Amino acid sequence: MTPSTGQTGSSPEAISPFAAIRRELHQIPEPGFAEFKTQQFLLDYIQTLPQERIEVRTWRTGILVNVKGTSPKRRFGYRADMDGLPITEDTSYEFRSTHPGFMHACGHDVHMSIGLGVLTHFVKQSINDDITFIFQPAEEGPGGAQPMLESEELRDWMPDQIIALHIAPEYPVGTIATKPGILFANTSELFIDLTGKGGHAAFPHLANDMVITACQLVSQLQTIISRNINPLDSAVITIGKIEGGTKQNIIAEKARLEGTIRTLSADTMTLIKSRIESLTAGIETSFNCKVDIDYGANYRQVYNHAETTREFMDWVKESSDMKLIECTEAMTGEDFGYFLADIPGFMFWLGVDTPYGLHHAKIEPNEHAIDLAIDLISQYISWKSDPNDK
Ligand SMILES: CC(=O)N[C@@H](CCC[C@H](N)C(=O)O)C(=O)O
C-alpha cells in the first residue's frame, strides 16, 4: 500500500498514504450490495489502527465505526458510499480497475479514502464527542442509505449531525461548493418493458414492432419535460439504455428502455409518473402492445439543513484554506438524502478538477483533493466539538 508512482502512473511524483489507499480501492469496484472485497479492504485497514477507542460493526456489505469521545455530549457522522458502476474504464492509470466492466467512475473510492483519513485522524487525536463513520453500500442503486438507517446496527450510533461529500470534476482542487436547502434532486429509476408481436422483417403488417414503438415512446417521454412541466420548474428524463430485438431481419417482439427521472419537487415527480402512465397507455392502444413500468429505486432529494450548512459555510470562509463556492442545486441524485431527512447536516461538492464528468470512463479525479478534504473535515468536527463553542 505504498505506491510511489504519480497521478496517472507515468509521473514519478510521490503520493500521500490516503491517495495510495484510493488507488487500491480504485482497482476493486463492485456493484451495490456486492462490495465484498471493498468491505474486507476497509476492515483490514481499520484493523491496523489503535483499537482502544473504536468499535466496528458490519451491516450487509457496509461498515460502521464508532470512535468514542472523551466526554461526549453529541455524536457526529461522516458517510462515504462504497459501490462502483458498470463502466469499462478508459483512464490512463496504471492502477485501473481489475474488475472487467466495472469502474469507480463516481468518486466513491475517493469518498472512502477520505473517510479512512478522517477516521485515522480521530483515532489518533481524541475529541470530546463521539463520531460514527458510515461506509454505505449501493448508493448507485438499489440504495443502501434507507435500509442502513433502519438497521439495528446503526440505531445506538445514530449521529446528531452528519456530513458527506461528493467529488466535483468541474471545480478546482482547493475548492468546495454547497448551499443550504436543496442540493441534489429527487430521483426515480425508470424501466419500461414493451411486448408486441415479432415476425419476419419482410412482413411488417403481420407484426407489432417494438423497436419502432420504443423509438416513439422515447420521443414522447421528452414531451413531458417540454410540454407538461412549468418552464420555471426543472426536471429531467434520461433514457440511458435501449435494448430490443434479436437480429437485423427479425421484427422485435420485445424492447426495454432504462432511464432515470430527476425533479426538484416531489409533486413534479408525481406529475411526471402520471404522464408516463398516460403516454404508455396510449402506446399500448396505438401500437397494440403491452407496456410494463417499474420505477426501481427512488431517492429523496438531498436537502441541506439550513442553519448547520450556513454555519459550516461561514466556518470554511473564516477558518479554512479552502475556497468556498455557494453553488446552485444540481439534478444529480444521492441516497444521502435519506440521512438528511432524519439528521441535520449537509453534503458538499469537493473540487477534483478533471475534464471528464461523473460516470465517464475517462474520469481521473485529482488526488491532491483527498488530503485537503481530510484536513477540512477533521478541523471542522474538532471545532464543532470544542466545549467552549456552541
Ligand atoms: C452523484 C450521482 O451521480 N448519483 C447518481 C445516483 C443514482 C440514483 C439512481 N440509480 C438513479 O439513476 O435514479 C446519479 O445518477 O445521479
Side-chain angles (χ1 to χ4, degrees), residues 1 16-22 25 39 41-59 62-82 110-136 148-149 151 153-165 176 305 308-309 311-316 318-322 336 339 342-348 350 369-390:
M1 232 194 274
S16 81
F18 294 102
I21 284 174
R22 179 255 163 173
L25 289 165
Q39 184 187 46
F41 179 90
L42 298 174
L43 288 171
D44 288 346
Y45 175 82
I46 294 164
Q47 193 60 43
T48 67
L49 297 172
Q51 300 292 300
E52 293 74 37
R53 291 191 307 104
I54 63 174
E55 294 172 278
V56 181
R57 291 176 187 162
T58 57
W59 174 83
I63 302 173
L64 296 163
V65 186
N66 173 32
V67 181
K68 290 178 250 177
T70 49
S71 49
K73 289 202 178 67
R74 57 187 159 175
R75 177 180 287 280
F76 294 97
Y78 174 84
R79 174 276 204 170
D81 37 15
M82 298 169 69
V110 174
H111 306 166
M112 287 185 280
S113 57
I114 292 168
L116 291 181
V118 179
L119 168 62
T120 305
H121 174 90
F122 286 115
V123 166
K124 293 182 177 163
Q125 216 155 306
S126 55
I127 55 168
N128 295 306
D129 291 316
D130 297 325
I131 311 175
T132 305
F133 288 85
I134 301 167
F135 294 94
Q136 179 220 299
M148 203 170 195
L149 271 161
S151 72
E153 288 80 354
L154 183 54
R155 193 157 302 150
D156 57 326
W157 291 351
M158 194 66 84
D160 303 305
Q161 185 188 321
I162 192 154
I163 304 171
L165 60 84
I176 65 161
H305 185 261
T308 314
T309 310
E311 181 194 55
F312 170 69
M313 292 169 75
D314 291 343
W315 177 84
V316 173
E318 282 160 27
S319 309
S320 93
D321 296 331
M322 295 289 248
F336 184 61
F339 283 97
D342 288 356
I343 308 166
F346 53 86
M347 171 167 255
F348 65 88
L350 174 71
I370 293 173
D371 286 343
L372 295 177
I374 293 169
D375 286 348
L376 181 84
I377 297 166
S378 304
Q379 285 167 25
Y380 172 69
I381 292 177
S382 302
W383 173 74
K384 281 287 291 178
S385 186
D386 187 327
N388 299 320
D389 159 69
K390 303 146 295 288

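Keep in mind that this is a model prediction, so the values were computed, not measured. The residues of the chain are indexed from 1 along the displayed sequence.
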Practice task
Name the orientation class of the two ring planes belonging to Phe133 and Tyr78 (parallel below 30°, tilted from 30 to 60°, perpendicular beyond 60°).
Solution key: tilted
Exercise for the section: Name the orientation class of the two ring planes belonging to Tyr380 and Trp383 (parallel below 30°, tilted from 30 to 60°, perpendicular beyond 60°). Expected result: tilted
Once you round to the nearest 0.5 Å, how far does [atom1] of [X] lie from [atom2] of [Y]?
X	Y	atom1	atom2	result
Ser320	Ile377	OG	CD1	11.5 Å
Ile370	His111	CD1	NE2	10.0 Å
Leu49	Thr120	CG	OG1	4.5 Å
Arg79	Met148	CZ	CE	9.5 Å
Gln47	Leu43	CD	CG	8.5 Å
Asp342	Met158	CG	CE	6.5 Å

Of all heavy-atom pairs between [X] and [Y], which one has the smallest distance, and what is that distance?
X	Y	result
Pro159	Ile343	O-CG2, 3.5 Å
Arg57	Glu153	NH1-O, 2.6 Å
Pro344	Thr308	CB-OG1, 4.1 Å
Gln39	Gly62	NE2-O, 3.0 Å
Leu42	Met82	CD1-CE, 3.9 Å

Practice task
For Asp44, look at atom CG and say whether over 12 heavy atoms of other residues, nucleotides or ligands are found less than 6.0 Å away.
Solution key: yes
Considering only heavy atoms from C-beta outward, does the side chain of [X] approach that of [Y] to under 4.5 Å?
X	Y	answer
Phe348	Val316	no
Phe76	Ile162	no
Phe336	Asp81	no

Between [X] (side chain only) and [Y] (backbone N and O only), is there a donor and an acceptor less than 3.5 Å apart?
X	Y	value
Ser113	Ile21	no
Asp129	Lys73	yes
Gln51	Ile46	yes
Thr132	Trp157	yes
Thr58	Ile63	no
Gln136	Ala80	no
Arg53	Val123	yes
Asp130	Gly69	yes
Ser378	Ile374	yes

Exercise for the section: Apply the side-chain contact (heavy atoms from CB on, under 4.5 Å) test between Leu165 and each candidate in Ile176, Ile114, Leu376; give the one that qualifies. Expected result: Ile114
Completion exercise
Residues passing the ring pair (Phe, Tyr, Trp, His ring centres under 6.0 Å) test with Phe122, sequence neighbours excluded, are none
Practice task
Test Leu25 against Tyr45 for side chain to side chain contact (heavy atoms under 4.5 Å, CB included), laying out the working first.
Solution key: CA-CA 11 Å; Leu25 289 165; Tyr45 175 82; over 6 Å; no
Practice task
Identify, with sequence neighbours excluded, every residue that meets side chain to side chain contact (heavy atoms under 4.5 Å, CB included) alongside Asp160.
Solution key: Arg74, Arg75
